[in-house]
Amino acid sequence: MSAVSDRLPTFPWDKLTPYKATAAAHPDGIVDLSVGTPVDPVPELIQKALVAAADSPGYPTVWGTPELRDAITGWVERRLGARDVTHRHVLPIVGSKELVAWLPTQLGLGPGDRVAFPRLAYPTYEVGARLARAAYEAYDDPTELDPEGLKLLWLNSPSNPTGRVLPKEELTRIVAWARSHGVLLVSDECYLELGWEADPVSVLHPDVNGGSHDGIVAVHSLSKRSNLAGYRAAFLAGDPAVLGPLLEIRKHGGMMTSAPTQAAVIAALGDDDHVRVQRERYASRRELLREALVTHGFRIEHSEASLYLWATRGESCWDTVDHLAKRGILVAPGDFYGPAGAEFVRVALTATDERVAAAVRRL
């Protein structure tokens, strides 16, 4: 056990504990803009679908019901513009973090193999490489990486934490480079439906991949767009030559989405209205927080999409965390996402309207 845990870094969120205590001591209570967990209700039609499937005594399948696969393939074609997507091109997963952490291991990577991810990135990309005992490195431009031994290339657009969106032309160039070197490209697109000042594009779009899914996989989640973080509902779409073996491995590991959750996902992917409503909530909160932060002396970089504002006062991120905690506002320090974030904080939009208004008053 210790041999595995020793491979991992300190769990970053534990470092925020004293600052959370400071923020919680504010007379008007804490405004938690750190983790980015949804706070708004699960849409009623999704709750009803979950309840209707509550009497599910049998084991679900890892691949999901045919109805679930229909819902995923239909959404991928309708929303992402992908073409010729069949059941073989999709795979349900138990939330996207599980997939990110265990994908290198499930791909059979290990010592001598390399995993690459953006310079500023979700920490679990590195964790996944460490669990597999593979080497890992961060990049600014992935096409400048040495392809020798590079087995897994992570993209993340829109980015967590920065909200940066990769333009279609850049995605096209990176996909072509990865294919030319036989590198599997996995694109984390969990925030794709939350574009504000840019319109994010999937690697599954034919303008990006030339109409072929070879060598590419996209990761999508319902946690943010449908408030389903508590359901652990996500899926992969892309190359059947990758997803087929993953399905067999995950069968052996029992990595299956619960039957009620599968029913909820079908309902969620079949309805666009609740996504529009939730987008409007986040857009309003984003406008209020952005203006308040800028007025308070922050500079906002990127942040053209996703659920975060990437903000700096030109000082250590921990000084900024402390400064805001004394005002009852908790944010995430930028160095959680890599040394390049040392002077930034990530400010989540995931607080109620009342708590966002409180943060704005304090700022």
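Positions are given from 1, in the same order as the sequence printed here.
- At least one donor-acceptor pair closer than 3.5 Å links the side chain of Gln47 to the backbone N or O of Val42.
- Within a 6.0 Å radius of CZ in Arg88, no more than 12 heavy atoms belonging to other residues, nucleotides or ligands are found.
- In this structure, CG in Leu166 is found 8.5 Å from CG in Asn156, a value given to the nearest 0.5 Å.
- Across all their heavy atoms, Val347 and Val331 have their closest contact at CG2-CG1, 3.9 Å.
- Dense packing is recorded around CD of Glu354, with more than 12 heavy atoms of other residues, nucleotides or ligands lying under 6.0 Å away.
- In the hydrophobic clustering of ILVMFWY residues, with side-chain heavy atoms under 4.5 Å counting as a link, Val217 and Leu109 come out together.
- The CZ atom of Arg361 lies 11.0 Å from the CG atom of Leu363; values are rounded to the nearest 0.5 Å.
- No single ILVMFWY cluster, assembled from side-chain heavy atoms under 4.5 Å apart, contains both Leu192 and Tyr282.
- Atom CG of residue Leu185 and atom CG of residue Leu150 lie 10.0 Å apart, to the nearest 0.5 angstrom.
- Closest of all the heavy-atom pairs between His205 and Gly81 is CD2-CA, 4.2 Å.
- In plain terms, the two heavy atoms of Glu315 and Thr320 that are nearest each other are OE2-OG1, 2.8 Å.
- Listed for the Arg346 side chain is no donor-acceptor partner under 3.5 Å among the backbone atoms of Tyr337.
- With respect to the salt-bridge test (charged N to carboxylate O, under 4.0 angstrom), the residues Asp272 and Arg276 do not qualify.
- Few gaps surround CD on Glu280; more than 12 heavy atoms of other groups in view lie less than 6.0 Å from it.
- By the 4.0 Å N-to-carboxylate-O rule, Arg286 lies close enough to Glu197 to be salt-bridged with it.
- Annotation: ring pair (Phe, Tyr, Trp, His ring centres under 6.0 Å) contacts involving residues 14-73, sequence neighbours excluded, comprise Tyr19-Trp318.
- Looking only at distances, no side-chain donor or acceptor of Asp113 sits under 3.5 Å from a matching main-chain atom of Ala134.
- Looking only at atom types and distance, the side chain of His89 has a donor-acceptor partner in the side chain of Thr86 under 3.5 Å away.
- For the pair Leu330 and Leu33, the minimum side-chain heavy-atom distance is 4.5 Å or more.
- Atom CG of Asp140 and atom CG of Leu145 lie 9.5 Å apart (nearest 0.5 Å).
- With rounding to the nearest 0.5 Å, the separation of CG in Leu120 from CZ in Phe344 is 8.0 Å.
- Closest heavy-atom contact between Ser306 and Gly163: OG-CA, 3.6 Å.
- The pair Asp14-Lys20 does not count as a salt bridge, with every side-chain nitrogen at least 4.0 angstrom from each carboxylate oxygen.
- For the residue pair His87 and Asp70, a side-chain donor N or O sits within less than 3.5 Å of a side-chain acceptor on the partner.
- Side chains of Ser159 and His302: a donor-acceptor N/O pair is absent below 3.5 angstrom, by distance only.
- Although no hydrogens or angles enter the test, the distance criterion places no donor-acceptor pair under 3.5 Å between the side chain of Lys151 and the main chain of Leu107.
- Note: His296 and Phe298 have parallel aromatic rings, judged against thresholds of 30 and 60 degrees for the angle between ring planes.
- Taking the six-membered ring where tryptophan is involved, the planes of Phe117 and Tyr136 are essentially parallel, since the angle between them stays under 30° and well short of 60°.
- Using a 4.0 Å cut-off between charged side-chain N and carboxylate O, Arg83 and Glu77 make no salt bridge.
- Nearest heavy atom pair, residue Tyr139 against residue Trp154, reads OH-O, 2.6 Å.
- In terms of modelled atom types and a separation under 3.5 Å, the side chain of Thr295 and the main chain of Glu291 share a donor-acceptor contact.
- Linking ILVMFWY side-chain heavy atoms closer than 4.5 Å, directly or via other members, places Tyr125 and Val127 in two distinct hydrophobic clusters.
- Across Ala53 and Pro260, no two heavy atoms sit closer than the pair O-CG, 3.5 Å.
- Using a cutoff of 4.0 Å between basic side-chain nitrogens and carboxylate oxygens, Arg290 and Glu287 are not scored as salt-bridged.
- Aromatic ring orientation, Tyr308 versus Tyr191: perpendicular (interplanar angle above 60°, classes split at 30° and 60°).
- No side-chain donor-acceptor contact under 3.5 Å links Thr261 to the backbone of Thr257.
- Between Arg299 and Glu301 there is a salt bridge, since at least one side-chain N of the basic residue sits less than 4.0 Å from a carboxylate O of the acidic one.
- Neither side chain, Arg179 nor Asn209, offers a donor N or O lying under 3.5 Å from an acceptor on the other.
- For the atom pair OG (Ser157) and CZ (Arg164), the distance works out to 8.0 Å, reported to the nearest 0.5 Å.
- Of the N and O atoms on the side chains of Thr143 and Arg173, at least one donor lies less than 3.5 Å from an acceptor on the other residue.
- Look at Glu98 and Arg250 and you find a salt bridge, because one of the NZ, NE, NH1 or NH2 atoms lies within 4.0 Å of a carboxylate O, short of that distance.
- A side-chain donor from one of Glu189 and Ser202 sits under 3.5 Å from a side-chain acceptor of the other.
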Open item on the list: Apply side chain to side chain contact (heavy atoms under 4.5 Å, CB included) to residues Asp28 and Arg355 and explain how you reach the verdict.
Closed with: CA-CA 10 Å; Asp28 186 39; Arg355 287 289 83 189; 3.3 Å; yes
